[in-house]
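These numbers come from the heavy atoms of this one structure, side chains and all, not from hydrogens, waters or symmetry mates.
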Amino acid sequence: MAKLAGVSVATASKALNGQPQVRAETRERVVRAAEQLSFSPNTLAQGLITQRSGTVGLLTSDLEGRFSIPILMGAEDAFGIDEISVFLCDARGDNMRERHHLRALLSRRVDGLIVVGARPDARPSLGHELPVPVVYAYAPSEDPGDLSLVTDNVGGGRMAVDHLLQYGRRRIAHITGDATYGAAQDRASGALARLAEEGLELAGDHVWFGSWSEAWGRGATRMLLQRCPDVDAIFAGSDEIARGVLDVLHQEKLAVPAQVAVIGFDNWNILAANARPPLSTVDMNLEQLGRLAAQRLFTAIDGKLGSGVETVPCRLVTRESTAPLE
């Protein structure tokens with residue numbers, strides 16, 4: 001290619017790599033020669049020189065992909081700017097499988113790792129002896145010396161209740177999932193704090209903890225209506241639970257949102273957008289979480305790895321299941 005362009009190999013290399021020392025007309029001549037020969041750089045050879053492979057690993061334990069796929073999409077968006085490829089490995093919640101994938105990724109000389117947990121609770125650190133930087137996303141590392149990015153579930157709970165309060169709702173109940181999940185506790189904590197600021201208590205007197213399912217949403221709503229028939233809003237800890245809540249409200253001939261407003265959490269589009277009526281919900285901003293994880297990892301690859309936990313704010317998605325009281 002250098003011979004065809006009439007330049008030295010060093011000049012051709014500088015031209016293709018955007019070095020400023022090359023004149024515009026020379027660069028144009030080199031590019032034309034590369035196009036004519038269908039030349040593309042040898043990434044393996046480049047990696048030997050730069051000590052980088054242009055790849056990173058995303059190690060997840062999320063079997064369904066509901067959380068890891070949006071994070072992967074966000075990471076790929078960010079890495080795409082710098083032409084970095086992402087290897088996705090699913091450990092399926094198994095420590096042995098995770099170690100196997102970790103060894104495989106390191107053997108491929110990835111430049112860094114993003115680790116995504118199956119649930120938003122602290123997980124064991126991979127340690128600090130690895131030859132590449134690691135960023136933990138969604139599930140934080142137990143080690144404060146690691147860098148972790150998580151969703152602001154407390155803020156998300158506040159956001160959901162604040163939205164209902166702005167629409168004039170005052171008898172607000174909270175039906176959520178497994179109490180052993182830190183996310184369930186955090187969302188409830190945010191909701192309770194926002195109600196307390198208005199001098200209000202939860203309708204039904206307590207948080208209804210259960211399972212992350214439509215069945216629990218149905219069962220809890222029936223119990224709630226028996227205890228508190230004048231409830232005017234329900235904050236569900238997930239969109240699955242919210243779908244169960246809506247089922248019972250329809251069965252009881254309670255109009256949504258005219259009589260009871262409903263808001264979910266997750267913005268799982270296949271559930272939220274197709275609910276009757278379409279479900280207002282809190283989005284965990286997972287693609288943004290993935291983009292930030294990629295940006296932090298890219299900075300870490302350059303030798304500037306941070307530590308601690310960084311939270312990413314949620315965002316509200318308003319649909320027809322919430323509306324001002326008439």
May I ask you to decide whether Asp247 forms a salt bridge with Arg218, counting only side-chain N to carboxylate O separations under 4.0 Å? yes
NZ/NE/NH1/NH2 to OD/OE distance under 4.0 Å, Glu25 and Arg29: no
So do the side chains of Leu292 and Val312 get within less than 4.5 Å of each other, counting heavy atoms only? yes
Which residues pass the ring-ring contact (aromatic ring centres under 6.0 Å, His included) test with [X], sequence neighbours left out?
X	answer
His206	Trp208
Phe209	none
His163	Tyr167

Within the distance-only criterion (no hydrogens, no angle test), does the side chain of [X] pair as donor or acceptor with the backbone N or O of [Y] below 3.5 angstrom?
X	Y	value
Thr322	Thr318	no
Asn285	Pro313	yes
Gln185	Ala179	yes
Arg194	Gly155	no
Asp239	Phe265	yes
Arg227	Gly204	yes
Arg319	Pro278	no

So which atom in [X] and which in [Y] form the shortest heavy-atom distance, rounded to 0.1 Å?
X	Y	answer
Ala184	Thr176	CB-OG1, 4.1 Å
Val262	Ala242	CG1-CB, 4.2 Å
Asn267	Thr281	N-OG1, 3.2 Å
Ala75	Ile114	CB-CD1, 4.2 Å

Got a sec, which pairs hit ring-ring contact (aromatic ring centres under 6.0 Å, His included) with one end in residues 232-251, sequence neighbours left out? His174-Phe235
Residues that [X] engages under side-chain contact (heavy atoms from CB on, under 4.5 Å), provided they are two or more places apart:
X	result
Asp230	Arg171, Cys228
Ser189	none
Asp186	Asn153, Val154

Residue pairs involving [range] (criterion salt bridge (Lys or Arg N to Asp or Glu O under 4.0 Å); sequence neighbours excluded):
range	result
residues 139-158	Arg158-Glu197
residues 122-133	Glu98-Arg123
residues 203-213	none
residues 281-294	Asp77-Arg291, Asp283-Arg315, Glu287-Arg291

Answer yes if Tyr138 and Val150 sit in the same cluster of Ile, Leu, Val, Met, Phe, Trp and Tyr residues linked by side chain heavy atoms under 4.5 Å apart, and no otherwise. no
Sequence neighbours excluded, every pair satisfying side-chain hydrogen bond (donor to acceptor under 3.5 Å, both in side chains) that has a member inside residues 252-263: none
side-chain contact (heavy atoms from CB on, under 4.5 Å) evaluation trace for Ser61 with Val116: CA-CA 7 Å; Ser61 292; Val116 182; over 6 Å; no
